[in-house]
Structures are given as C-alpha cells and as structure tokens.
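Predicted model, so just to flag it, every value in this text is computed and none were measured.
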Amino acid sequence: MRISAKVVAASCLAVSACLFIPREAAAQVPSVQRDGNWGTVSDVAMIIGTSSVFLMPRVYYSDPEATVGWKGRWHVSMLAPALTMAMATALVEVPIKNAAEGVRPGCSVDETIASVSNSGCETFGGPSTHAFASWGATGTGLGIFLMDTFRYSGSRFNVGGFIGNVAVPLTASIFTTVGRAVEPGNSLAYEDGLQITAGALPGFFVGLGVGLAYAALQRPNCGYGNSIFCW
C-alpha cells in the first residue's frame, strides 16, 4: 500500500507539471521596443505632407490683359486625387501587406498574425504604408506643379506653388522615412529599408501619375467670375 501511495503521488506531480509549465510559457507575450517619439514624428510628418498638397490652391499665371498675373484657386475637384491616393494607401495597408507578410524588425509571421496588443508586432511592416502615403503626396504635388507651371503658366516659376506642392511634402516625406527607419538606443525600427523602399517608390510614381492626370483634366482657373473657390 505504501508503494502504491508513492506511485500515485508521483503521478499527480507529473501531471501537474505537464499542465502548469506550458501555461506559463504560453503566457509570455513577445514585446519589441520601438521609439514612440519617432513614431509620432512619422505620423505628424505624413499628415503635414499630404495636407499640404491636397489643401494647396492651384497656382497659375493668367495672361489676359485685365487679369494678368499670378492667381490661386481652390478646387473641390481636389477630392478626386485625394480619395484616389487614400484608396491606394488603404490597399497597401490591408490586402497587399497581408499578402506580402513582410514582418516588422524583431517580429515573426506567427507573432504578427496573433496581433497581440502592445507587442510591437500588431501588423505587418511592408510595404510601408507611411512611406507610400507620404511619397505619394510628394509625387502628386510634383505632378500638379509641373502641369500648372509648363502647361498653364507659360513655364513661369512660382515660389509659393513650389513650396506648397513640392518642398513641404518632400521635406515631410524625408522626416517620415527617417521616423520609420531610425533605431535609437535599444529600440528597433518600425520598418526596414526594403519595406520603406517598397512603399516609397510605388507611392511616388503612382502619386506622380495621379497628379499629372488630374492637373491635365482640371484647368487651374475656375472658368467663371473671379471666385477663388471652384465648384
């Protein structure tokens, strides 16, 4: 009887160990440290760059004798390129990223699919959505500026149009890229260089095409009266 009691006790201990040890291991959640300040910088820079382009008036040089000089007009039709780029960015963020399964630095595919909160691996990293949106805005602004300069302004250069459509979004794109790639201290980057490039290059050329097409189809002047808002 004594031997049986010892066997039963040992069996209970073995079962308890099998039940509790795996649970402790499963409770461990991976946590990758990323710099929140640089993450905020990339978010703000992306917003500034896209806002600069889509809130910028169409600047052009008017030739008629009565209204000769530089003019600026805000077009409601700017919603067209803005929504086009927003839809393209949404495609990158969800279906394209999920299909590519490009994990963020320090993460694995399984950790990303699990999407544990505050793990630093909640979403896939590539192609970089931030890079696509910010460099897409730069491309859009450049396309509009080129069309307004060479087609509608007789190749006259306007500093204000260049700053709003090209300089500001370009600077914002650079800050966005740095914010996603920098690794201060023990922190890891939000995306690696390949993921950022995979977002930035397509974003820029898609944006450039959208900007050129929109500006070619929509003249910068309102076409009626002297209103600064074109409906």
Side-chain angles (χ1 to χ4, degrees), residues 16-54 82 84-141 168-208 210:
S16 298
C18 292
L19 290 175
F20 288 107
I21 292 177
R23 288 182 181 179
E24 292 178 359
Q28 296 178 356
V29 177
S31 179
V32 178
Q33 182 179 352
R34 308 192 195 281
D35 192 280
N37 293 328
W38 279 108
T40 301
V41 167
S42 66
D43 292 340
V44 172
M46 180 185 67
I47 293 172
I48 291 174
T50 54
S51 299
S52 173
V53 172
F54 297 117
T84 299
M85 292 306 298
M87 291 176 61
T89 303
L91 287 175
V92 171
E93 174 62 22
V94 182
I96 294 178
K97 270 189 176 182
N98 290 341
E101 293 190 344
V103 296
R104 298 186 186 278
C107 301
S108 67
V109 174
D110 291 338
E111 292 168 355
T112 305
I113 293 175
S115 189
V116 179
S117 298
N118 300 319
S119 65
C121 302
E122 293 88 345
T123 59
F124 288 107
S128 170
T129 306
H130 281 69
F132 183 91
S134 60
W135 286 100
T138 300
T140 303
V168 172
L170 176 60
T171 303
S173 295
I174 294 172
F175 273 97
T176 301
T177 301
V178 172
R180 305 310 288 180
V182 70
E183 295 185 337
N186 295 324
S187 300
L188 293 179
Y190 284 86
E191 291 113 16
D192 60 37
L194 182 60
Q195 292 169 343
I196 293 173
T197 303
L201 286 180
F204 177 80
F205 287 108
V206 169
L208 181 62
V210 169

Backbone of S134 reached by a side-chain donor or acceptor of S173 within 3.5 Å: yes

Any D43 side-chain heavy atom under 4.5 Å of H130 side chain: yes

Test item: T50 side-chain N/O and I47 main-chain N/O as donor-acceptor pair under 3.5 Å: yes

Contacts of T112 that satisfy side-chain contact (heavy atoms from CB on, under 4.5 Å) - sequence neighbours left out: V103, C107, C121, F124

Straight-line distance of E122 CD to R104 CZ, nearest 0.5 Å: 8.0 Å

Donor + acceptor pair across side chains of W38, S187 (<3.5 Å): no

For the student: nearest non-hydrogen atoms of G126 and A100, plus distance: O-CB, 3.9 Å

Side chain to side chain, M85 and V53, heavy atoms closer than 4.5 Å: no

Sub-4.5 Å side-chain heavy-atom contact between T177 and W135: yes

Test item: side-chain donor near acceptor, S128 and E191, under 3.5 Å: yes

Backbone of L208 reached by a side-chain donor or acceptor of T140 within 3.5 Å: no

No-hydrogen, no-angle side-chain donor-acceptor test under 3.5 Å, T123 and K97: no

Chi angles and distances behind the side-chain hydrogen bond (donor to acceptor under 3.5 Å, both in side chains) call for S42, R180: CA-CA 6 Å; S42 66; R180 305 310 288 180; 3.1 Å; yes

Heavy-atom pair with the smallest gap, counting every atom of P127 and I96: CD-CG2, 3.9 Å

Polar side-chain atom of R34 near backbone of P105 as donor-acceptor pair, under 3.5 Å: yes

Contact check, side chains of V41 and N37, non-hydrogen atoms, under 4.5 Å: no

I196 CD1 to T129 OG1 distance, which is reported to the nearest 0.5 Å: 11.5 Å

OH on Y190 to CG on D35, rounded to 0.5 Å: 6.5 Å

Distance-minimising heavy-atom pair for F175 and A45: CB-CB, 3.8 Å

